[in-house]
Asker: 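Please read through the structure below; I'll follow up with questions.
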Amino acid sequence: MPHSLPVIAIVGRPNVGKSTLFNRLIGHRSAIVHNTPGVTRDRHYDITDRYGYSVMIVDTGGFEPHPEDQLFRNVRAQALAAVREADVVLFVVDSRAGLNPLDEEVGRVLRTVHSKVLLVINKVEGNQQRLEAAEFYALGFETLHLVSAEHDHGITDLMDEVYLLLGPGPVEEDDEDDDSGAIPEDDEE
Ligand SMILES: Nc1nc2c(ncn2[C@@H]2O[C@H](COP(=O)(O)OP(=O)(O)O)[C@@H](O)[C@H]2O)c(=O)[nH]1
Ligand SMILES: [Mg+2]
């Protein structure tokens, strides 16, 4: 993958909708979506481009939580590997499943190793989920980003937040500079 692009990693326990969000962000279905946890076998990388600013999105669902007692460790390892190369981390949880001990573990790890983590509450499609999402404040993040990856709700606001965290993108020629001491032009012709 090209290393010059900023990297956005999608992290979370199985089945919260990471691959669905990945597909939504890149605009076509390339990650495998399945209702069986662990079905996505590999990491998936692809580029999305909003506001003329390309970023790499990484779907980190590439681990196999088969033995029950390994699930915890695998989620932790996955989260760590993903954040190492990421500029911004999208930490996805499932509003329908509610707060899960694995979410708490992933959240704890992420917040200690990365300063740019956005908490994404997925599968929010109605007022009930909107209200119940408040329980995720327990994860200790300031802001809850409520989305429905499947129905494309909240995605633009989420990506606006991502781009804010990334800071200025590639600077277009002749904008931005030379305005110190410049006299504003008269608007009226
Ligand atoms: N209702 C609803 N279901 C979703 C949403 N996003 C994903 N799902 C479903 O949740 C299940 C797991 O999704 P997937 O993207 O494979 O999760 P992953 O294991 O985290 O990659 C699938 O059945 C998806 O259709 C959403 O926004 N709303
Ligand atoms: Mg997946």
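One-based numbering along the sequence shown. Order of appearance sets the numbers: ligands from 1, and atoms from 1 within every ligand.
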Asker: V16 to ligand 1: N or O pair under 3.5 Å?
Answerer: yes
Asker: Has R13 got a side-chain atom pairing as donor or acceptor with V93's backbone, closer than 3.5 angstrom?
Answerer: no
Asker: Stepwise, does the side-chain hydrogen bond (donor to acceptor under 3.5 Å, both in side chains) test hold for E125 with Q129?
Answerer: CA-CA 7 Å; E125 280 128 27; Q129 284 129 29; 5.4 Å; no
Asker: Give a yes/no answer: is there an N/O/S atom of S19 under 2.8 Å from the Mg ion (ligand 2)?
Answerer: yes
Asker: Quick one: does R96's side chain have a donor or acceptor within less than 3.5 Å of a partner on K123's backbone?
Answerer: yes
Asker: At under 4.0 Å between heavy atoms, is it the side chain or the backbone of V92 that contacts ligand 1, or both, or neither?
Answerer: neither
Asker: For ligand 1, which atoms, with element, lie under 4.0 Å from some heavy atom of K18?
Answerer: 15 (O), 17 (O), 18 (P), 19 (O), 20 (O), 21 (O)
Asker: Between D59 and K18, is there a salt bridge with N-O shorter than 4.0 Å?
Answerer: no
Asker: Run down the list E150, E125, H153 and name the one with the heavy atom closest to atom 28 (N) of ligand 1.
Answerer: E125
Asker: Under 4.0 Å between a Lys/Arg side-chain N and an Asp/Glu carboxylate O for K116 and D87?
Answerer: no
Asker: Between P14 and ligand 1, does any nitrogen or oxygen pair lie at a separation below 3.5 Å?
Answerer: no
Asker: Go through ligand 1 atom by atom and flag the ones less than 4.0 Å from a non-hydrogen atom of A149.
Answerer: 27 (O)
Asker: Answer yes or no: is there a donor N or O on one side and an acceptor on the other, between the side chain of N122 and the main chain of V92, under 3.5 Å?
Answerer: no
Asker: If I apply the N/O under 3.5 Å rule, does D59 come out as touching ligand 1?
Answerer: no
Asker: Does H151 come within less than 4.0 Å of ligand 1, judged by its heavy atoms?
Answerer: no
Asker: Counting only heavy atoms not in E135, do more than 12 fall under 6.0 Å of its CD?
Answerer: yes
